Amino acid sequence: MHWMQALVFCGGLLYAAVDDLKTRTVSDIVCIIIALAGLVTISPASFLGALLAMLPFYLCAGFGLMGGGDWRLAAAVGFVLGFDRVLTGFCFMAIVLLLASIAMRVIPALRKGATAKQPLVPYFAVAFIPAYFM
């Protein structure tokens, strides 16, 4: 049964990442599907993971720094991963964002993209998919 959860989780995140690159939106259906995958391994850590993952993005969305779909996706991802793996995913995400920021400043062809708002869901996928398997 866990292989099905992994398939839904990874597939949903990859779909959301591609969709965010194309449309700059996060589908509510994808968030719901990913959250439903969390019902396979539900525990109190699932709720703590959802809260931990959602909170920083919810606050940023409240201040107008990002869209509302990011915090909903973060809550769904946190519900699947649980508390410990969300912390691991945040570490991965920080590293990936740092490397992307450095690349955008160093590589001349990417400098134009450094000043524009970047879609965040591809970074979610790169960070939280490996965290799922840890």
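This chain uses plain numbering: 1 for the first residue, then up along the sequence. These figures come from a predicted structure and were not determined experimentally.
In terms of heavy atoms, L81 sits closest to Y132 at CD2-CA, 3.5 Å. Residues C10 and I129 approach most closely at SG-CG2, 3.8 Å, considering heavy atoms.
One hydrophobic cluster, built from ILVMFWY side chains closer than 4.5 Å, holds both F133 and L87.
Within the structure, the side chain to side chain donor-acceptor pair (under 3.5 Å) test picks out the following pairs touching residues 33-43 (sequence neighbours left out): Q5-T41. For residues 72-82, the pairs satisfying salt bridge (charged side-chain N to carboxylate O under 4.0 Å, His left out) are D28-R72, with sequence neighbours left out.
A distance of 8.0 Å separates CZ of F9 from CZ of F128, quoted to the nearest 0.5 Å. Atom CH2 of W71 and atom OH of Y58 lie 6.0 Å apart (nearest 0.5 Å). L13 contributes atom CG, which lies 4.5 Å from atom CD1 of I34 (distance to the nearest 0.5 angstrom).
Under the rule for a side-chain contact (heavy atoms from CB on, under 4.5 Å), the partners of C60 that lie at least two apart in sequence or sit in another chain are L65, M66. L21 pairs by the side-chain contact (heavy atoms from CB on, under 4.5 Å) definition with P119, P122, not counting sequence neighbours. Partners of V126 by side-chain contact (heavy atoms from CB on, under 4.5 Å), not counting sequence neighbours, listed by chain and number: V96. Residues that satisfy the side-chain contact (heavy atoms from CB on, under 4.5 Å) test with F92, not counting sequence neighbours, are T88, A127, P130, A131, M134.
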Test side chain to side chain contact (heavy atoms under 4.5 Å, CB included) on L120 and M93; report intermediate values, then the result. CA-CA 10 Å; L120 193 59; M93 193 169 182; 3.8 Å; yes

